[in-house]
Amino acid sequence: MSAGSMGLWEVIGQSDQAPICAFDHDFRMIAFNRAHSDEFFRIYNHRVQIGDVFPDLFLPEQAPIIRGFMARALAGEVFNVTEEFGDPNLNKPYWDISYAPLRDESGTIIGAFHHAKDISARLRAEAALYAAEDALRQSQKMEAVGQLTGGVAHDFNNLLTIVQSAVEMLKLPDQKEERRARYVGAIGEAVGRASKLTQQLLAFARRQALKPTVFDVGDNIHAIGTMMKTLVGSRVTIEVDVPDASFAINADTSQFDTALVNMTVNARDAMNGEGRLIVSARAVQQIPALRERAAVPGDYVAVTITDTGGGIAADQRARIFEPFFTTKPVGSGTGLGLSQVFGFARQSGGDIQVESEVGAGSSFTLYLPQVEGIARAEAVPVAPEVEANMTAVPCVLVVEDNAEVAASTVDALDQLGFTTVLATNGVEGLAEVTADSARFDVVFSDVVMPGMTGMEMGRAIREMNLGLPVVLASGYSHILAANGTDGFELIQKPYSIDHVSRVLRRAAGERIREAA
């Protein structure tokens with residue numbers, strides 16, 4: 001290299017605002033630029049000199065670290081590191097340092113050098129940005145909680161008003177039977193609406209206890225076709241595009257149907273009750289990148305509902321799955337329909353995508369994992385003599401820790417023709433079964449109880465191989481939401497005692513058939 005070239009390289013090195021330092025195999029300084037001298041003085045109050053053993057200039061706890069980096073470069077390694085160096089009493093910045101060996105014309109390593117950059121300001125800016133983003137996320141969470149709380153309070157207070165009014169009217173003397181029936185009906189309807197509201201909330205939060213079964217998507221779409229037509233009205237044309245090929249999924253069939261209904265109602269409202277609605281299903285090999293998630297490869301069934309409505313504005317598309325967010329007028333919707341679809345999809349291992357253009361309609365696509373279909377088992381006829389045995393009075397072990405719920409359940413079952421035995425917790429229930437399992441035809445247990453849960457008691461009974469069916473009841477359980485029902489029949493609270501009676505009689509009947 002000519003003298004002129006060497007001079008140019010020296011000018012370049014001295015002009016660089018980042019510290020540059022070269023050293024030999026003895027870790028001694030052989031060259032450095034002005035920036036290196038100035039920065040080292042800033043952080044250690046020492047002016048470096050040619051011939052200094054560079055690591056010896058560092059604080060004792062920092063010297064081994066810098067020596068290790070220099071040794072790697074002298075061994076021929078090219079690398080980058082981020083490290084803190086400096087006297088804490090003066091300045092201790094974060095440095096982004098690149099290392100490389102120095103080679104002569106023959107390729108022999110004659111030393112090494114590093115090129116450092118103070119990145120403290122950048123890291124502080126990144127930390128400040130992260131803190132601001134975190135504060136924004138927390139603010140958004142609190143806003144969502146406030147919106148959720150207000151929405152729940154509003155809807156439940158409306159329902160409680162209905163119940164309270166009906167109760168007060170029922171207390172009045174000399175009420176006509178027609179009025180009493182109307183008030184009782186109003187209470188039952190309010191309870192049903194409240195139950196649906198809590199299920200939608202749990203669906204959004206992905207905390208509902210799903211009961212997955214393998215079923216054909218096309219069968220379900222065709223089965224609820226009549227309901228869809230009723231929902232959308234005569235001015236909306238429905239087109240169903242489902243191939244003959246079987247698309248089987250493993251999901252909660254009732255929640256799947258509810259999701260389709262919610263998507264249909266949303267499409268109807270977007271079209272103001274007039275237009276064209278297309279329901280289609282197809283097999284796909286991935287869920288596309290959605291919101292904060294990257295694309296997910298795999299076998300999925302995509303169910304799409306497309307409408308010819310006014311579309312959704314871009315600033316609203318990001319919020320349409322939030323609970324209680326709705327663009328409808330007050331009194332025209334709770335804003336929970338699409339949040340149910342979102343929660344069901346996510347909890348079932350899938351997702352939901354929305355594509356929309358203002359003035360050109362919207363498409364909602366529900367993605368759910370595809371599975372192999374299963375053959376439908378033929379029903380096994382019940383022998384006449386077994387059917388006769390099923391008329392016997394079933395004995396139910398009721399396991400419930402809430403005294404009020406236990407009393408009302410036992411009383412209702414007694415009136416419906418059951419024999420009941422009450423246990424107030426899982427340990428007591430298991431003791432009753434262990435003492436005399438033959439007297440019980442079915443166990444009806446709450447899930448969430450202190451000590452032994454209903455699920456744990458049910459598993460213990462199952463392990464005893466008694467053939468004694470266990471039916472669980474729960475308003476909400478994180479155990480069920482996370483792990484499912486483990487094969488046990490589940491009744492959601494608040495439950496209809498008529499529904500409980502049918503489920504218990506069926507379970508008891510199966511035990512009687514097995515015994516016969």
Side-chain angles (χ1 to χ4, degrees), residues 148-202 230-231 254 258 324 328-336 391-425 428 441-449 454 471-476 490-508:
L148 182 65
T149 303
V152 171
H154 175 269
D155 284 4
F156 268 104
N157 281 335
N158 283 342
L159 296 172
L160 291 173
T161 299
I162 295 171
V163 173
Q164 180 66 30
S165 298
V167 169
E168 290 179 1
M169 291 299 100
L170 287 171
K171 289 180 178 179
L172 296 177
D174 302 325
Q175 285 280 13
K176 293 182 179 179
E177 189 58 35
E178 180 184 348
R179 285 178 177 270
R180 293 178 63 85
R182 188 164 69 245
Y183 296 141
V184 170
I187 294 173
E189 183 179 342
V191 170
R193 287 164 59 190
S195 177
K196 181 180 179 181
L197 179 60
T198 57
Q199 290 305 310
Q200 287 176 318
L201 287 170
L202 291 174
T230 302
L231 287 171
S254 65
T258 300
F324 297 108
K328 301 173 187 177
V330 175
S332 299
T334 63
L336 280 172
T391 60
V393 176
C395 182
V396 182
L397 173 61
V398 178
V399 187
E400 172 63 65
D401 65 309
N402 184 289
E404 291 80 5
V405 174
S408 63
T409 301
V410 167
D411 181 62
L413 290 176
D414 287 342
Q415 292 190 51
L416 290 173
F418 291 85
T419 299
T420 57
V421 175
L422 176 63
T424 59
N425 55 61
E428 187 179 322
D441 298 305
V442 62
V443 177
F444 181 44
S445 174
D446 188 22
V447 173
V448 180
M449 294 181 292
V471 177
L472 300 176
S474 178
Y476 165 70
L490 175 68
I491 297 176
Q492 294 282 0
K493 291 179 179 179
Y495 44 68
S496 157
I497 201 65
D498 180 62
H499 175 61
V500 171
S501 174
R502 290 197 304 271
V503 172
L504 295 182
R505 285 188 184 279
R506 183 179 71 244

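These numbers come from the heavy atoms of this one structure, side chains and all, not from hydrogens, waters or symmetry mates. Numbering starts at 1 and runs along the sequence shown.
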Undergrad: Once rounded to the nearest 0.5 Å, what's the spacing between atom OG1 of Thr424 and atom CG of Asn402?
TA: 11.5 Å

Undergrad: If you count heavy atoms of other groups shown closer than 6.0 angstrom to CZ of Arg179, is the number above 12?
TA: no

Undergrad: Is any side-chain heavy atom of Val500 closer than 4.5 Å to a side-chain heavy atom of Leu416?
TA: no

Undergrad: To the closest 0.5 Å, what do you measure between CG (Asp401) and CG (Asn425)?
TA: 8.0 Å

Undergrad: Taking atom CG of Leu397 and atom OG1 of Thr419, what is their separation to the nearest 0.5 Å?
TA: 12.5 Å

Undergrad: Ignoring hydrogens, what is the shortest heavy-atom contact between Glu400 and Asp446? Give both atom names and the distance.
TA: OE1-CB, 3.3 Å

Undergrad: Looking only at non-hydrogen atoms, find the nearest pair between Asp441 and Pro394 and report the distance.
TA: OD2-CA, 3.3 Å

Undergrad: For a 4.5 angstrom cut-off between non-hydrogen side-chain atoms, does Ile491 reach Phe444?
TA: yes

Undergrad: To the nearest 0.5 Å, what is the distance between CD on Gln415 and OG on Ser501?
TA: 12.0 Å

Undergrad: For the CZ atom of Arg502 and the NE2 atom of His499, what is their distance to the nearest 0.5 Å?
TA: 6.5 Å

Undergrad: So which atom in Ala507 and which in Val471 form the shortest heavy-atom distance, rounded to 0.1 Å?
TA: CB-CG2, 4.2 Å

Undergrad: To the nearest 0.5 Å, tell me how far Thr420 OG1 sits from Leu504 CG.
TA: 11.0 Å

